[in-house]
Amino acid sequence: MKLKAYWTLSMIAVTLTAAACLHAEEIVQVTRSDDQELSLTLYGAWLPERCDPIMILSHGLNDDGSSLSFMAQSFAKKGFNVAVMNHPESNKDTVAGASTEELIAASHDIYKFKARMLDLAAAHKYATQNCQPNIQVMGGYAMGAALTVLEAGAKSKLPVKGQDRFTAYIA
């Protein structure tokens with residue numbers, strides 16, 4: 001008999017945070033297909049001779065990747081190489097001071113979602129440049145969760161389409 005495990009994001013966070021320890025983090029710059037730079041914060045070993053599982057995380061609008069450090073550290077401790085994207089068109093530096101109405105409009109902005117898809121493609125290319133791990137996870141919250149479900153194949157009125165590159169998704 002096969003058992004299936006169902007976990008919510010909060011269950012994963014509580015379980016893994018309890019066992020978390022600090023892992024070295026490094027910030028790298030990668031170039032998107034439109035020649036814009038994307039900052040990735042890396043957690044884990046990232047050894048080219050190994051093909052460890054990968055996880056790519058996407059933050060919400062008006063935030064940055066530091067809010068996902070607890071999750072990145074926890075998964076790195078479990079053997080994942082984790083890359084946290086800092087989306088340049090929708091982080092807290094670029095939408096600082098926006099009104100509630102402006103933030104609501106930004107959360108549906110086609111340009112911001114297209115840019116996030118370019119970020120995701122660049123991050124995935126970086127994470128898989130040395131190998132294609134059997135386990136590839138994408139996760140995000142808020143606008144990052146929307147990006148995650150779009151990447152997984154969800155239908156949307158937005159003119160962006162994901163490529164379903166991952167083996168698992170956490171939104």
Side-chain angles (χ1 to χ4, degrees), residues 4-17 30 32-34 36 38-44 52-76 78-95 98 100-129 132-171:
K4 291 185 178 181
Y6 296 95
W7 290 77
T8 66
L9 182 55
S10 60
M11 288 168 58
I12 291 170
V14 169
T15 302
L16 295 177
T17 302
V30 297
R32 301 185 324 200
S33 62
D34 64 354
Q36 297 296 315
L38 168 67
S39 175
L40 297 175
T41 305
L42 305 179
Y43 299 81
D52 293 328
I54 63 165
M55 173 179 271
I56 297 176
L57 297 174
S58 177
H59 63 76
L61 178 67
N62 196 23
D63 206 346
D64 62 29
S66 65
S67 58
L68 291 165
S69 63
F70 77 95
M71 190 172 186
Q73 290 170 2
S74 297
F75 274 90
K78 296 297 182 187
F80 280 78
N81 288 330
V82 184
V84 181
M85 298 179 284
N86 184 26
H87 301 290
E89 289 84 4
S90 53
N91 63 30
K92 63 182 169 185
D93 294 333
T94 57
V95 294
T100 302
E101 294 79 20
E102 291 168 327
L103 288 173
I104 291 169
S107 70
H108 298 86
D109 186 313
I110 295 166
Y111 168 73
K112 290 185 184 337
F113 271 100
K114 285 183 177 180
R116 280 176 172 246
M117 281 294 184
L118 293 174
D119 294 342
L120 178 57
H124 188 263
K125 181 178 178 181
Y126 178 86
T128 59
Q129 66 187 340
Q132 291 291 321
N134 290 333
I135 300 172
Q136 298 184 30
V137 181
M138 182 185 176
Y141 74 93
M143 193 172 187
L147 180 69
T148 301
V149 297
L150 287 171
E151 170 63 16
K155 304 284 188 239
S156 170
K157 292 182 180 180
L158 293 169
V160 293
K161 186 175 182 204
Q163 295 184 20
D164 195 16
R165 290 170 269 224
F166 298 85
T167 55
Y169 297 88
I170 302 172

Worksheet item: Run the side-chain contact (heavy atoms from CB on, under 4.5 Å) check on M117 and L150 step by step: do they pass?
Response: CA-CA 9 Å; M117 281 294 184; L150 287 171; 3.8 Å; yes
Worksheet entry | Spatial distance of atom NZ (K157) from atom CD1 (I110) [nearest 0.5 Å] | 12.0 Å
Item to complete: Show your reasoning for whether side-chain contact (heavy atoms from CB on, under 4.5 Å) applies to T100 and L103.
Response: CA-CA 5 Å; T100 302; L103 288 173; 5.7 Å; no
Worksheet, complete the sentence: All heavy atoms of A127 vs all of I56, minimum pair found to be CB-CD1, 4.2 Å
Discussion item. Given 3.5 Å as the limit, does a donor-acceptor pair link the side chain of K112 with the main chain of S107, or not?
Written reply: no
Discussion item. Minimum heavy-atom separation for L38 and P88, please, with both atom names.
Written reply: CD1-CD, 3.9 Å
Worksheet item: Taking side chain as C-beta onward, heavy atoms only, is V95 less than 4.5 Å from E102?
Response: no
Practice prompt. Could you pull out the closest heavy-atom pair between S58 and M138, with the gap in Å?
Written response: CB-CE, 4.4 Å
Worksheet item: Is the number of heavy atoms from other residues, nucleotides or ligands under 6.0 Å of D34 CG greater than 12?
Response: yes
Worksheet entry | Shortest non-hydrogen separation from A171 to V149 and the atoms involved | CB-CG1, 4.0 Å
Worksheet item: For the side chain of Q136 and the backbone of A168, is there at least one donor-acceptor N/O pair under 3.5 Å apart?
Response: no
Discussion item. I need the single residue from I54, T167, N81 that forms a side chain to side chain contact (heavy atoms under 4.5 Å, CB included) with P133. Which is it?
Written reply: I54
Item to complete: Given side-chain contact (heavy atoms from CB on, under 4.5 Å), test F80 with I135 step by step and report yes or no.
Response: CA-CA 9 Å; F80 280 78; I135 300 172; 3.9 Å; yes
Worksheet entry | Whether D119 side chain and A122 backbone form a donor-acceptor pair below 3.5 Å | no
Worksheet, complete the sentence: OG1 (T148) and CG (L120) are apart, to the nearest 0.5 Å, by 8.0 Å
Discussion item. Using the rule given for side-chain contact (heavy atoms from CB on, under 4.5 Å), can you reason through Y43 versus M55, listing the C-alpha separation, both sets of side-chain angles and the distance that settles it, and then say yes or no?
Written reply: CA-CA 10 Å; Y43 299 81; M55 173 179 271; over 6 Å; no
Item to complete: Verify, without hydrogens or angle tests, whether E151 (side chain) and R165 (backbone) share a donor-acceptor contact under 3.5 angstrom.
Response: yes
Worksheet entry | Nearest-0.5 Å distance that lies between atom CE in M143 and atom NE2 in H87 | 8.5 Å
Worksheet item: In Å, rounded to the nearest 0.5 Å, how long is the span from NZ of K92 to OG of S66?
Response: 5.0 Å
Worksheet item: When rounded to the nearest 0.5 angstrom, what distance separates CG in D93 from CG in N86?
Response: 7.0 Å
Discussion item. Within this structure, what is the CG-CG distance for the pair L147 and L61, rounded to the nearest 0.5 Å?
Written reply: 12.5 Å
Worksheet item: Can you name the closest pair of heavy atoms from H59 and S90 and give their distance?
Response: CE1-O, 3.7 Å
Worksheet entry | Student check: side-chain heavy atoms of P53 and N134 closer than 4.5 Å | no
